[in-house]
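Structure first, then comments.
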Amino acid sequence: MKFVTKYGPWALIAGASDGLGAAFAAGLADRGLNVVLLARRQAVLDQVAAEINSRAQVETRTLAVDLAEPAAAAAVAAATGDLEIGFLAYCAGADPNFKPFLATPIEAAEAMVQRNCVVPMQLCRHFAPAMVDRGRGGIVIFGSGAGLAGGPNMVAYGASKAFDMVFAEALWAELHDKGVDVLGLILGKTNTPALRQLEHSRGQIGSPDDMPPGAAAVDDVIAEAFENLTNGPTWMVGEDMRAALQMMASLTRNQLVELMKQASAAAMGPAG
């Protein structure tokens, strides 16, 4: 089935202002889908839309909504009520802080859960019924290796990404035989603006424009995502992540958490 026929005519991409979300939106547009670009910052969304319009003959719509707000999903539903959304990609939810749980306001953790767990669940519940009725569609939820085991400095983030992984797997179990592809993408360290800013603030790279050591390129991650849309429920992105998963299978949960502690300490860098 042609890509547009299977997943079109419109795609909604949450977290589309930069990094993985913007790249995934561009990839969907290159494949012929009209795109709704969803994120907080209107000006940046407008720039992404202009770039897509310069390279693809598709329609774009921008939607500036803070996904950490309680009414975010309702606002998105209202703003897209006139569109046939055949593809939902949830790329939002990075953690810019990387700090101990007790050193972070509880409101920050609550916002993380709202943005990473509650809103994607609400959006899937809103858009998936029409996909099932049509017998076609796609849902991609971007996860993280941080959700594979608990570790310090990412307590709420790691827990929210564990939710995303299991949620995508369970949704796949219910929907994949109804014509709706569901995929949970589990990413390792990726060269995104959020990661570069964090590592620069900790003195691990010299400039926010430098590539963090060991980080995967966004284009490589996106290419692998498109190659595996039908290979749900879960896809580990990159050889390093797949090798890590195999290694983790031989460890106890206690050993896994100790490993995450070591990785967290290494990631803290000079500012830690």
Margin query: Please enumerate all residues that pass side chain to side chain contact (heavy atoms under 4.5 Å, CB included) together with D240, with sequence neighbours excluded.
Written below: none
Next item on the list: Go through the steps for F87 and V140 under the test side chain to side chain contact (heavy atoms under 4.5 Å, CB included), then give the verdict.
Entry: CA-CA 8 Å; F87 198 102; V140 174; 3.6 Å; yes
Check: With sequence neighbours excluded, what pairs up with F163 under the ring pair (Phe, Tyr, Trp, His ring centres under 6.0 Å) test?
Finding: F167
Notebook entry, point to check: Shortest non-hydrogen contact from C124 to I141?
Noted result: SG-CD1, 4.4 Å
Notebook entry, point to check: Taking it one step at a time, do L20 and L187 satisfy side chain to side chain contact (heavy atoms under 4.5 Å, CB included)?
Noted result: CA-CA 11 Å; L20 290 163; L187 277 57; 3.2 Å; yes
Return all side-chain donor-acceptor pairs below 3.5 angstrom for residues 23-39, not counting sequence neighbours, or 'none' if the list is empty.
unit_1 : atom_1 : unit_2 : atom_2 : d
D30    : OD1    : R55    : NE     : 3.2
D30    : OD2    : R55    : NH2    : 2.4
R31    : NH1    : G27    : O      : 3.0
N34    : OD1    : E59    : N      : 2.8
N34    : ND2    : P9     : O      : 3.4

Next item on the list: Please step through side chain to side chain contact (heavy atoms under 4.5 Å, CB included) for the pair W10 and L88, ending with a clear verdict.
Entry: CA-CA 9 Å; W10 282 87; L88 170 62; over 6 Å; no
Margin query: When you compare the side chain of T230 with that of K6, does any pair of heavy atoms fall below 4.5 Å?
Written below: yes
Next item on the list: Would you kindly say whether E258 and N254 are connected by a side-chain donor-acceptor distance under 3.5 Å?
Entry: no
Check: Donor-acceptor pair, K261 side chain versus G150 backbone, under 3.5 Å?
Finding: no
Check: Apart from M247 itself, what residues make up its hydrophobic cluster, given side-chain heavy atom links below 4.5 Å?
Finding: L148, M165, I186, M236, M241, L245, M248, L251, L256, L259
Next item on the list: Return the set of residues passing side chain to side chain contact (heavy atoms under 4.5 Å, CB included) with V44 (not counting sequence neighbours), or none when no residue passes.
Entry: S17, R41
Notebook entry, point to check: Do V76 and V113 belong to the same hydrophobic cluster, where Ile, Leu, Val, Met, Phe, Trp and Tyr are linked whenever their side-chain heavy atoms lie under 4.5 Å apart, directly or via other members?
Noted result: no
Note to self: When you group the ILVMFWY residues by side-chain heavy-atom contacts below 4.5 Å and let the links chain together, are V48 and L67 in the same group?
What the structure shows: no
Notebook entry, point to check: Does E169 use its side chain to pair, donor to acceptor, with the backbone of T234 at less than 3.5 Å?
Noted result: no
Note to self: Show the nearest heavy-atom pair for residues A128 and I139, with the distance to one decimal.
What the structure shows: CB-CD1, 4.3 Å
Notebook entry, point to check: Going only through I, L, V, M, F, W and Y residues with side-chain contacts under 4.5 Å, is there a path from V155 to L102?
Noted result: yes
Check: Among the clusters formed by ILVMFWY side chains lying less than 4.5 Å apart, do L83 and L123 turn up in the same one?
Finding: yes
Notebook entry, point to check: Under a 4.5 Å side-chain heavy-atom rule over Ile, Leu, Val, Met, Phe, Trp and Tyr, are W172 and Y90 clustered together?
Noted result: yes
Note to self: Does anything in residues 105-132 form a side chain to side chain donor-acceptor pair (under 3.5 Å)? List the pairs, not counting sequence neighbours.
What the structure shows: N116-S160
Next item on the list: List the atom of L12, the atom of F127, and the distance in Å for their closest heavy-atom pair.
Entry: CD2-CE1, 3.5 Å
Next item on the list: Only counting residues at least two apart or in another chain, list the ones meeting side chain to side chain contact (heavy atoms under 4.5 Å, CB included) with N231.
Entry: N228, W235
Check: Shortest non-hydrogen contact from A72 to V119?
Finding: CB-CG2, 4.3 Å
Notebook entry, point to check: If every non-hydrogen atom of Y157 is compared with every non-hydrogen atom of A146, which pair is closest and at what distance?
Noted result: CE2-CB, 3.7 Å
Note to self: Using the side-chain hydrogen bond (donor to acceptor under 3.5 Å, both in side chains) criterion, which residues pair with T80? Sequence neighbours excluded.
What the structure shows: none
Notebook entry, point to check: How would you list all residue pairs meeting salt bridge (charged side-chain N to carboxylate O under 4.0 Å, His left out) that involve residues 73-93, not counting sequence neighbours?
Noted result: R61-D82, E84-R134, E84-R136
Checklist line | D220: side-chain hydrogen bond (donor to acceptor under 3.5 Å, both in side chains) partners, not counting sequence neighbours | finding: none
Next item on the list: Just jot down the side-chain hydrogen bond (donor to acceptor under 3.5 Å, both in side chains) partners of S250, sequence neighbours excluded, or say none.
Entry: none
Notebook entry, point to check: Is the backbone N or O of D46 less than 3.5 Å from a side-chain atom of T62, with the two atoms forming a donor-acceptor pair by type?
Noted result: no
Next item on the list: Apply side chain to side chain contact (heavy atoms under 4.5 Å, CB included) to the pair F226 and L229, showing each step before the final yes or no.
Entry: CA-CA 5 Å; F226 278 110; L229 290 179; 4.0 Å; yes
Check: How close do Y7 and G137 get, heavy atom to heavy atom, and via which atoms?
Finding: CE2-O, 3.4 Å
Checklist line | Set of residues satisfying side-chain hydrogen bond (donor to acceptor under 3.5 Å, both in side chains) with respect to E239, sequence neighbours excluded | finding: R242
Margin query: Please report the interatomic distance CG(N97) to CE(M112), rounded to the nearest 0.5 Å.
Written below: 7.0 Å
